[in-house]
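In what follows, a structure is listed as structure tokens, so that the remarks can point back to it.
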Amino acid sequence: MTEIPKAYEPKTVEDKWYQQWTESGCFTADPARVSASRPAYSIVIPPPNVTGVLTLGHVLNNTIQDILARKARMDGKEVLWLPGTDHAGIATQTVVERTLKKAGEIRHRDDLGREKFLEKVWQWKTEKGGIIIQQLKKIGASCDWDRERFTMDPAYSHCVQRVFVDLYKKGLIYRGKRMVNWCPVSLTALSDEEVVMKEQKGFMYHFRVEVAELPGTFLTIATTRPETIPADTAVAVNPKDPRYQHLVGKHVLRALPVELPREARLIPIIADEHVDFEFGTGVLKVTPAHDKADFEIGLRHGLPVMDILTPDGRMTAEAGPDLAGLDRFAARKKSAEILEAHGALEKAEPYVNNVGFSERADVPIEPRLSEQWFLKYPSTDEARTVVGSGRMRFFPERWAKVYDNWMGGLQDWCISRQLWWGHRVPIWRLTSDRPEFAAVESSLSQGQFGAHGDFSWSGQAGQTTRIQRKVHPTDGPFLEAATDSAAEAARLESAGFVQDADVLDTWFSSWLWPFATMGWTGNPEEDRQNPWLKAFYPTTDLVTGPDIIFFWVARMIMAGYEYMGAEPFRNVYFTGIIRDKQGRKMSKSLGNSPDPLDLISTYGADALRFGVMRSAPLGQDILFDEQAVELGRNFCNKLWNACRFRQMQNLGPDTVEAEIDPALLSSDDRWILIRLDQAIREVTDALAGYNFSEATSVLYRFFWSEYCDWFIEASKAALVRPEDVATAAPEVLRLAQNKVAVIDFILSNTLRLFHPFLPFITEELWHGLGYQNDLPEDRGALTIMRATWPKPFSDEEREYFGLDETADRVATTKYALVTLGRTLKVQVNVPSNKRVPFIFRPSGTLPAAELEVLRLLLNAESLTVAGPEWAAAKGTPTACNELGEIFLPATGLVDAVAERTRLNKEIEKARVEIKKVEDKLGNPSFVQKVPPAVLAEHQNRLAEWQAKLRQLETSVAELPA
RNA sequence: GCGAGGUUAGCUCAGUGGUAGAGCACUUGCUUCACACGCAAGGGGUCGCAGGUUCGAAACCUGCACCUCGCACCA
């Protein structure tokens with residue numbers, strides 16, 4: 001660190017060290033190094049979308065992981081932080097399709113066909129995907145990049161297939177025609193978790209239908225979706241509703257389409273408990289094809305299901321000529337108009353209701369009957385218990401309740417998606433309409449069918465297929481084969497089997513992330529010998545956002561038990577959600593989401609990390625303000641300059657290694673060592689409890705307010721300027737050297753405490769100050785990342801350095817007196833840079849060195865010590881505390897009026913405080929019941945305020961009139 | 001409707017029964033030989049409201065108000 005610039009310049013430092021770290025393998029994990037003395041620590045990254053770019057959310061999340069990983073390294077652990085990305089089915093497919101369309105290459109992905117399109121996706125992934133991985137490096141993420149994984153890696157894909165086939169064989173995965181959440185834009189089914197409810201302004205339409213058996217009798221029905229009337233197959237009332245009981249069993253004439261003959265419009269009036277007779281008119285139109293609850297009613301009453309919507313949300317011909325072809329929303333308006341035209345519409349009132357939206361496409365989902373794959377969650381009991389019992393800990397704890405709540409109401413998971421990009425369902429079918437069907441069916445021996453047997457069709461060892469003969473409710477018999485073997489799949493296809501067209505939900509692959517990334521095979525013997533799984537599973541911590549607690553966290557826990565027989569992680573830390581200054585979520589459309597890379601180039605990566613961590617308290621959302629990053633930059637600069645100051649102390653060679661001589665320590669030295677000890681304890685505790693913002697504020701307080709503001713300033717009294725070194729007396733030099741030894745001790749500890757938060761600047765300064773010298777290669781010589789984490793002093797050390805109450809108090813009262821003295825200067829209008837003489841009358845005796853510190857901190861021209869007999873001239877501004885009295889013999893500079901005002905205000909305050917304490921002490925039950933320490937403390941406080949009051953009264957009395 | 005979290009200085013937030021705190025912002029004075037990305041000194045709060053427990057409550061209990069977020073949902 002020669003020619004240190006005045007201000008810290010992050011850019012070169014960051015690039016230099018990141019490269020050096022990766023080149024020297026600092027981030028690389030090796031299971032072979034794990035031992036009792038070097039325990040394993042592991043985290044798997046929440047894989048960002050391969051299409052993603054770095055957001056502040058990622059910065060928050062990954063900075064926390066990096067802090068944990070770096071701290072673990074300093075604790076001497078073997079650390080694996082495993083990075084990677086997920087393939088993000090819908091998002092990636094959409095991005096690529098859009099790109100190709102824009103380039104004019106295609107109009108629709110069908111133009112290319114599945115295989116060609118997937119080639120394009122892979123090409124895109126190779127060229128453009130994973131930008132975010134490069135961006136993570138910019139924030140200093142210390143991931144083991146050698147182990148980067150992608151959910152579509154061949155080995156990973158095989159894990160997904162294997163798990164699917166296994167769960168299928170266990171009967172937990174089944175295919176069925178159910179009501180699912182259908183996204184008319186993405187044209188795929190979604191899981192319940194991918195649907196968000198949003199309030200929508202619309203209308204409640206009241207329309208009437210005639211009771212067929214009682215001409216002239218009408219029922220009024222309230223609905224928000226009149227366009228689904230053509231799909232109504234019943235009208236339902238509550239069986240207990242006296243208004244309508246007599247009508248049950250009769251029929252109404254469906255209002256739409258109007259063209260149909262009377263008999264085609266007859267639908268029954270049924271009685272069902274589901275109907276709330278307080279709501280609307282108490283009459284419910286039942287549309288089994290387009291509403292989940294109605295579908296259930298339909299099942300209970302054996303109603304037909306009539307589907308009048310196309311997959312992309314348009315009306316079919318069955319909706320009638322007026323509606324056919326219309327988009328569902330246009331059709332809503334149109335159907336209301338038709339009802340009105342026929343005099344059936346009674347009213348349309350503005351109405352707000354909750355509508356399910358596709359989270360990704362941001363359009364209302366359509367409940368739709370379709371054939372999908374579902375999963376009954378495995379290992380739910382273990383997964384629920386491990387959190388409920390507190391064996392796996394959630395931070396903040398309250399998320400455990402949210403988790404438990406969800407685990408208590410699990411619905412089967414719709415895992416199939418009508419996409420091309422993803423893990424294709426490993427199921428092959430041979431339907432009876434295929435020419436091969438009969439031959440294959442008869443060629444397979446009886447024993448080769450069934451729900452329990454697997455056989456090898458390819459003839460390759462260990463490669464098996466399970467084939468079952470099933471009957472589809474509408475399409476008749478077929479053969480269904482399940483295998484995770486490529487060889488078996490090839491054999492199946494050559495026999496005429498066709499693979500299921502659907503792919504799996506992306507989360508169906510990410511729930512395997514903690515072990516599939518470590519080379520899991522599903523073969524117990526092989527997995528037992530897998531050094532990665534052995535060393536690093538279960539992982540230690542998971543850091544993620546609470547928004548994916550169900551999507552990901554809960555499912556990983558279940559998969560962990562099902563396939564590893566153990567939980568995937570010990571602790572889960574849920575970050576807050578980053579919002580803007582006004583508390584709004586970050587979003588592209590609001591444009592309120594700053595680009596972290598811009599922030600890094602403006603302020604530096606360490607500054608960004610520090611700013612984000614400082615404003616991220618446990619369990620709270622984070623209102624992001626760029627000022628926080630600015631604060632981080634300022635802090636880095638402060639750290640830089642404090643170290644630069646040390647660098648300027650040239651007292652000869654090798655002073656770094658100088659031992660601290662306890663005999664030469666001043667109260668300032670002891671005080672800062674005590675403060676350091678305190679900071680070490682507090683930061684260590686804060687990190688152990690995942691209180692990252694707490695840790696940063698402790699560091700900030702210690703370094704800025706204690707070390708820089710007081711200790712460095714005080715140390716200047718003992719230090720010797722380079723030009724004076726040659727002429728300094730030996731004992732002066734010895735004191736200066738001891739001071740530098742203390743500084744080095746503090747800085748070397750401070751840099752280590754800061755390293756997890758500020759990796760770049762601390763590494764630079766660590767080497768710049770030479771603190772790596774003489775450390776073992778793996779414990780700080782190569783990188784501060786593996787220097788030992790600071791430890792609080794032992795009792796022996798405290799005694800050795802003399803770190804006791806007295807030393808602490810002398811320094812504290814000295815600094816307090818300095819503040820009082822500086823205030824005096826302000827009162828008499830002496831600019832802070834102007835040096836004036838002070839007089840000091842100590843209560844006890846103080847060594848000369850202490851007096852010099854006092855003088856220096858007061859920026860006094862001189863500090864004359866006065867004896868008890870000395871009396872100040874009348875009206876001399878003065879202040880006092882336990883250490884003594886200081887006088888500022890200012891010559892007529894005092895503004896008597898202003899001073900009197902100030903003093904009177906102070907006196908008033910002192911009286912209020914005295915009254916408060918006196919009242920307490922005057923209360924008999926207080927004196928009786930309060931602990932002795934508190935009583936003593938109150939008595940002390942009273943005495944202090946009284947002394948203060950006396951001094952103030954003297955001062956005010958001595959003011960010139 | 002059920003559940004969780006919140007309400008402390010202008011702003012963002014600490015503060016688990018004993019003298020109300022920090023950072024930013026604000027005022028004033030300073031290019032004091034590490035740092036103006038800085039130094040120094042200040043101003044600013046009936047701790048959401050109402051009860052209760054206690055010698056003592058911002059903190060514990062009860063109720064209420066308002067805000068945020070989950071989950072469920074009535075067409």
Side-chain angles (χ1 to χ4, degrees), chain A residues 4 6-8 197 204-205 221-225 228 236 274-287 291 293-294 351 353-354 396 398-399 401-402 405-406 409 546-547 549-550 577 579 581 583 603-604 607 614-617 619-625 627-628 630-649 691 693-694 696-697 700-701 704-705 708-709 712-713 716 721 818-819 822-827 829-835 856 859 902 913 916-917 920 923-931 933-935 937-938 941 944-945:
Chain A
I4 326 154
K6 246 172 109 168
Y8 171 55
M197 301 306 277
M204 180 67 85
Y205 300 91
I221 303 175
T223 182
T224 53
R225 300 199 62 186
T228 63
H274 172 78
V275 181
D276 175 355
F277 49 89
E278 310 231 317
F279 190 91
T281 59
V283 185
L284 172 69
K285 68 194 250 336
V286 183
T287 324
D291 184 282
D294 289 6
Y351 186 76
N353 64 341
N354 280 330
R398 65 190 156 88
W399 293 111
K401 281 189 194 170
V402 176
N405 199 285
W406 188 74
D547 46 337
I549 185 169
F550 311 137
I577 293 174
R579 298 169 180 282
K581 258 202 281 193
Y603 299 103
R614 195 164 191 284
S615 42
Q620 300 263 55
D621 284 355
I622 297 125
L623 300 195
F624 179 80
D625 187 342
Q627 275 188 340
E630 197 180 325
L631 177 102
R633 180 203 51 185
N634 296 353
F635 189 80
C636 289
N637 192 53
K638 189 75 175 175
L639 183 60
W640 181 259
N641 274 290
C643 291
R644 198 162 76 100
F645 175 73
R646 157 62 186 97
Q647 193 76 354
M648 290 172 174
Q649 311 308 318
N691 285 305
S693 65
E694 164 76 9
T696 53
S697 32
Y700 190 98
R701 182 204 68 210
W704 200 308
S705 309
C708 290
D709 287 352
I712 289 198
E713 292 309 320
K716 289 174 181 172
R721 296 201 186 153
V818 167
T819 300
R822 287 168 176 170
T823 309
L824 287 181
K825 271 177 86 169
V826 171
Q827 291 312 315
N829 299 312
V830 177
S832 57
N833 62 330
K834 177 121 195 277
R835 295 189 167 181
L856 187 100
N859 197 26
R902 179 187 77 90
E913 291 301 326
K916 267 204 263 184
V917 186
K920 277 196 179 183
N923 182 343
S925 54
F926 174 81
V927 182
Q928 221 173 357
K929 293 184 182 176
V930 89
V934 176
L935 183 64
E937 188 270 326
H938 276 74
R941 201 193 308 163
E944 272 170 38
W945 279 111

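The shown structure was predicted, so the numbers you read here are calculated from the model rather than taken from an experiment. Letters A, B, ... mirror the listed sequences (proteins, then strands); counts begin at 1.
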(request) In whole angstrom, give the distance that lies between atom CG of A:Asn641 and atom C1' of B:C37. (result) 9 Å
(message) What's the closest nucleotide to the side chain of A:Asn859 if the choices are B:C35, B:U32, B:A34?
(response) B:U32
(message) Can you see if the side chain of A:Lys825 gets near the phosphate of B:C30 - specifically, an N or O under 4.0 Å from OP1 or OP2?
(response) no
(request) Return yes if the base of B:C33 and the side-chain atoms of A:Arg721 contain a donor-acceptor N/O pair under 3.5 Å, otherwise no. (result) yes
(request) Compare side-chain N and O positions of A:Thr287 against OP1 and OP2 of B:A75 and report whether any pair is under 4.0 Å apart. (result) no
(request) Pick base, sugar-phosphate or nothing for A:Glu278, based on heavy-atom distances below 4.0 Å to the nucleic acid. (result) nothing
(message) Would the distance check show the side chain of A:Asn354 and the main-chain N or O of A:Met197 forming a donor-acceptor pair, the cut-off being under 3.5 Å?
(response) no
(request) Give one of base, sugar-phosphate or nothing for A:Phe635, where a contact means two heavy atoms less than 4.0 Å apart. (result) nothing
(message) Without decimals, in angstroms, what is the distance between A:Asn405 CG and B:G5 C1'?
(response) 15 Å
(request) Would you mind classifying the nucleic acid contact of A:Glu937 as base, sugar-phosphate or nothing, using non-hydrogen atoms under 4.0 angstrom? (result) base
(request) Verify the contact: side-chain N or O of A:Trp704 to OP1 or OP2 of B:C37, cut-off strictly under 4.0 Å; return yes or no. (result) no
(message) Check this for me: does the side-chain of A:Asn354 come within 3.5 Å of the base of B:C73 through a donor and an acceptor?
(response) yes
(request) Please give the nucleotide sitting opposite B:A4 as a Watson-Crick or G-U wobble pair, both distances under 3.5 Å, or none. (result) B:U68
(request) Would you check if there is a donor-acceptor pair between the side chains of A:Thr287 and A:Lys285 at a distance under 3.5 Å? (result) yes
(message) Counting the atoms with a prime plus P, OP1 and OP2 as sugar-phosphate, which does A:Leu623 contact under 4.0 Å by heavy atoms, base, sugar-phosphate, or nothing?
(response) sugar-phosphate
(request) Measure across A:Ile549 and A:Trp399 and return the closest heavy-atom pair with its distance rounded to 0.1 Å. (result) CD1-O, 3.8 Å
(request) Looking only at non-hydrogen atoms, find the nearest pair between A:Ala642 and A:Cys708 and report the distance. (result) CB-SG, 4.0 Å
(request) Would you please confirm or rule out a distance under 4.0 Å between OP1 or OP2 of B:A75 and any side-chain N or O of A:Tyr351? (result) yes
(message) Counting the atoms with a prime plus P, OP1 and OP2 as sugar-phosphate, which does A:Arg822 contact under 4.0 Å by heavy atoms, base, sugar-phosphate, or nothing?
(response) sugar-phosphate
(request) Would you indicate, yes or no, if B:C35 has its OP1 or OP2 atom less than 4.0 angstrom from a side-chain nitrogen or oxygen of A:Lys6? (result) yes
(message) Among B:A34, B:C55, B:G23, which nucleotide has an atom closest to any side-chain atom of A:Ala642?
(response) B:A34
(request) Would you mind telling me which of B:C37, B:A34, B:G23 lies closest to the side-chain atoms of A:Tyr700? (result) B:G23
(request) Would you indicate, yes or no, if B:A75 has its OP1 or OP2 atom less than 4.0 angstrom from a side-chain nitrogen or oxygen of A:Asn353? (result) yes
(request) Could you work out which one of B:A75, B:C73, B:C55 sits closest to the side chain of A:Met197? (result) B:C73
(request) Would you please confirm or rule out a distance under 4.0 Å between OP1 or OP2 of B:C13 and any side-chain N or O of A:Ser693? (result) no
(request) Using whole Å, report how far NZ of A:Lys929 lies from P of B:U53. (result) 13 Å
(request) Find the distance A:Lys401:NZ to B:G70:C1' and express it as a whole number of Å. (result) 14 Å
(message) Considering every strand and a 4.0 Å limit on heavy-atom distances, what is the contact class for A:Asp547: base, sugar-phosphate, or nothing?
(response) nothing
(request) Assign A:Arg614 to base, sugar-phosphate, or nothing according to its heavy-atom contacts below 4.0 angstrom with the strands shown. (result) sugar-phosphate
(request) Would you indicate what A:Asp291 reaches in the nucleic acid, counting non-hydrogen atoms under 4.0 angstrom: base, sugar-phosphate, or nothing? (result) nothing
(request) Give none if B:G51 has no partner; otherwise give the nucleotide forming a Watson-Crick or G-U wobble pair with it, both distances under 3.5 Å. (result) B:C61
(message) OP1 or OP2 of B:G56 versus the side-chain N and O atoms of A:Lys916: is any pair under 4.0 Å?
(response) no
(request) Could you tell me whether A:Ser615 contacts a base, only the sugar-phosphate backbone, or nothing, with contacts defined as non-hydrogen atoms closer than 4.0 Å? (result) nothing
(message) Whole angstroms only, please: what is the CH2-C1' distance between A:Trp640 and B:C35?
(response) 12 Å
(request) Report which part of the nucleic acid A:Asp276 touches: base, sugar-phosphate, or nothing (heavy-atom distance under 4.0 Å, all strands). (result) base
(message) With rounding to the closest Å, how many angstrom separate the C1' atoms on B:G15 and B:G52?
(response) 24 Å
(request) Among the candidates B:A75, B:C35, B:A14, find the nucleotide nearest to the side-chain atoms of A:Leu284. (result) B:A75
(request) Go through the N and O atoms of the side chain of A:Glu713 and the base of B:A34, and report whether any donor-acceptor pair is under 3.5 Å. (result) yes
